[in-house]
Colleague: 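First, the structure itself, so that you have it in front of you.
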2 protein chains.
Amino acid sequence: MLKPTKPDLILDGAIAEFLERGYAAASMDRIAARAGVSKATVYSHFQSKENLFVALIERLVKSKFLVLLEPGQIEAVVDVPPDVFLRELATKILEQPSNDPDLTNFMRMVVGESGRFPELAKAFVSALTATGLRSLTFYFKACPHLEIADPEATARVFVGAIAHFIITQHILYGAEIIPMAEERLINTLVDLITG
Amino acid sequence: MLKPTKPDLILDGAIAEFLERGYAAASMDRIAARAGVSKATVYSHFQSKENLFVALIERLVKSKFLVLLEPGQIEAVVDVPPDVFLRELATKILEQPSNDPDLTNFMRMVVGESGRFPELAKAFVSALTATGLRSLTFYFKACPHLEIADPEATARVFVGAIAHFIITQHILYGAEIIPMAEERLINTLVDLITG
DNA sequence: GTCTATATCGCGATAGAC
DNA sequence: GTCTATCGCGATATAGAC
């Protein structure tokens, strides 16, 4: 499509503005300017700043950052050795912040606004965390020779260790304070789970 | 002391305001009102909103939330069985959000403002995450019969799994979407590490 | 539908009396 | 040191022409 619709232009401008400044500091004037439309046009499509923000985050949750773990990916690889599969999975997740720098600011905003926008936080958990945990739990159950007593809790440990590593190292700039090679985390995690 | 100083009154008011609304939406008028002083008095002690915010977060990082893991605590218990010790440690950390509800909003704010206040994020990582990891790494090294190949990375897994559980369940309201008893995480984590 | 122009308000920060 | 009163600005949101 050569001519994107105005709402799409507005949402694109809003992404940049909100991700850069956060909800409260984002300006509807700047969003309109970035989109190349007037402020009145923004308000004719989204009735308020809060409406625009909610529509935006829901769009981001549903489309842009859903690639992390697609349900179909895991079921197809039950024949690969578990340590190889888990190592690849961990590597792929840890690469995400480098592949899409927006992801870092997006997580900052979801966490930062979770107290004032609980529904958005829940949408994030449902779409990303819950989906990933469900897939990984399914995989652990499908690998009976791993003898995992509690597949669901084991998935929490795996995802939690990796997600917190990303939060600490990249989002909170811990890489400059307590650096650690990703391989060490991956090796330790895979060894713990596959024995 | 019967009469708290003005700066302390101001900081107390600022805590509530910033934790409730976040940096950008916090109002210097409301902070002054909460502290029971005039706005000019606030500016005479802290030259700007940003200065006040930085002073506040540094105070919170250094004092209020440092109780999580004191360095002296771990060294004294090398004779307790590791599984018992790790279980108690995990339980204590997981209880923190209930013991101090401010902790939840504090973590929301540190993560949410980390892009615009990187130094505060680093102060948080240095004071809390790094301290906790250092203590736990020391403990793992002092338990040679656990045969931990990489104590530092193992500490990351332990702390990361628990911290991410808190973030998902409490900060992002995941408890309503993907509930899980804390015991299951603790059991799984301790079993993985102590074999 | 989209624009320009404006209404209304609260913000961070300060001047000046006491 | 602390107050009252205020400045200048940019915010969200809207009215009305086209």
Side-chain angles (χ1 to χ4, degrees), chain A residues 1-59 105 108-109 112-113 115-117 119-120, chain B residues 1-60 105 108-109 112-113 115-120:
Chain A
M1 209 193 277
L2 289 174
K3 264 185 57 179
T5 71
K6 288 278 159 78
D8 280 337
L9 283 175
I10 293 167
L11 282 173
D12 287 342
I15 290 179
E17 176 73 7
F18 279 121
L19 287 184
E20 268 179 31
R21 313 222 180 205
Y23 176 76
S27 148
M28 296 295 269
D29 286 79
R30 275 190 298 264
I31 290 173
R34 287 202 213 234
V37 302
S38 79
K39 199 164 45 165
T41 303
V42 175
Y43 276 92
S44 81
H45 290 278
F46 307 91
Q47 299 87 331
S48 68
K49 184 184 187 181
E50 184 167 330
N51 273 14
L52 174 58
F53 182 66
V54 171
L56 173 69
I57 299 294
E58 283 176 351
R59 195 174 92 149
N105 278 331
R108 284 190 180 114
M109 210 171 50
E113 300 298 336
R116 288 167 293 274
F117 295 92
E119 298 310 316
L120 294 187
Chain B
M1 211 193 277
L2 288 174
K3 263 184 57 177
T5 70
K6 288 278 159 77
D8 280 337
L9 284 174
I10 294 167
L11 282 173
D12 286 342
I15 290 178
E17 177 73 7
F18 279 122
L19 287 185
E20 267 179 31
R21 313 222 179 205
Y23 176 77
S27 149
M28 297 295 270
D29 286 76
R30 274 191 298 264
I31 289 173
R34 286 203 213 235
V37 303
S38 78
K39 197 162 53 164
T41 302
V42 175
Y43 277 92
S44 82
H45 290 277
F46 308 90
Q47 300 87 332
S48 67
K49 184 184 186 181
E50 184 166 330
N51 273 15
L52 174 57
F53 182 66
V54 171
L56 173 69
I57 299 294
E58 283 176 351
R59 196 175 93 149
L60 287 178
N105 277 331
R108 283 189 181 114
M109 208 171 52
E113 301 297 339
R116 288 167 293 273
F117 294 93
E119 297 310 316
L120 294 187

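Note on naming: letters A, B, ... go to the chains in the order of the sequence lines (proteins, then strands), and numbering restarts at 1 for each one. The structure displayed is predicted, hence computed values, not measured ones.
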Colleague: Given atom CD1 of Ile31(B) and atom C1' of dG10(C), what is their separation to the nearest angstrom?
Modeller: 14 Å
Colleague: Taking 4.0 Å as the cut-off, does a side-chain nitrogen or oxygen of Lys6(B) come that near to OP1 or OP2 on dG1(D)?
Modeller: no
Colleague: Quick one: does Glu113(B)'s side chain get under 4.5 Å of Ile57(B)'s, heavy atoms only?
Modeller: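 No. Closest side-chain heavy atoms not under 4.5 Å.
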Colleague: Considering every strand and a 4.0 Å limit on heavy-atom distances, what is the contact class for Ala25(B): base, sugar-phosphate, or nothing?
Modeller: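 If one applies the 4.0 Å heavy-atom cut-off, Ala25(B) turns out to touch nothing in the nucleic acid.
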Colleague: dC9(D) P sits how many Å from Asp29(A) CG, rounded?
Modeller: 15 Å
Colleague: Does a side-chain N-to-carboxylate-O contact under 4.0 Å join Arg59(B) and Asp12(B)?
Modeller: yes
Colleague: Rounded to whole angstrom units, what separation is found between the CD atom of Glu17(B) and the P atom of dG12(C)?
Modeller: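 Roughly 9 Å, once rounded to whole Å.
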Colleague: In this structure, how many angstroms lie between the P atom of dG10(D) and the NZ atom of Lys39(A), rounded?
Modeller: 12 Å
Colleague: From NZ of Lys49(B) over to C1' of dA13(C), roughly how many Å is that when rounded to an integer?
Modeller: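 From Lys49(B) NZ to dA13(C) C1': 12 Å.
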Colleague: When you match Ala40(B) and Ser48(A) each to their closest nucleotide on DNA chain D, which lands nearer the 5' end?
Modeller: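 Comparing both residues, the 5'-ward one is Ala40(B).
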Colleague: To the nearest angstrom, how far is Asn51(A) atom CG from dT12(D) atom C1'?
Modeller: 13 Å
Colleague: Hey, are the side chains of Leu52(A) and Phe18(A) touching, using non-hydrogen atoms and a 4.5 Å cut-off?
Modeller: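 Yes - at least one pair of side-chain heavy atoms lies under 4.5 Å apart.
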Colleague: For Arg30(A) and dG10(D), is the shortest distance between a side-chain N/O and OP1 or OP2 below 4.0 Å?
Modeller: no
Colleague: Tell me the interatomic distance from Met28(B), atom CE, to dC11(C), atom P, rounded to whole angstroms.
Modeller: 11 Å
Colleague: Does a salt bridge link Glu20(A) with Arg34(A), judged by any charged N lying under 4.0 Å from a carboxylate O?
Modeller: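 The answer is yes: the pair qualifies as a salt bridge.
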Colleague: Please tell me if Ser38(B) has a side-chain N or O lying less than 4.0 Å from either OP1 or OP2 of dT2(D).
Modeller: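 Indeed not, no polar side-chain atom of Ser38(B) lies that close.
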Colleague: Give the rounded distance in Å between these two atoms: OH of Tyr43(A) and C1' of dA11(D).
Modeller: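 Taking atom C1' of dA11(D) as the reference, OH of Tyr43(A) is at 8 Å.
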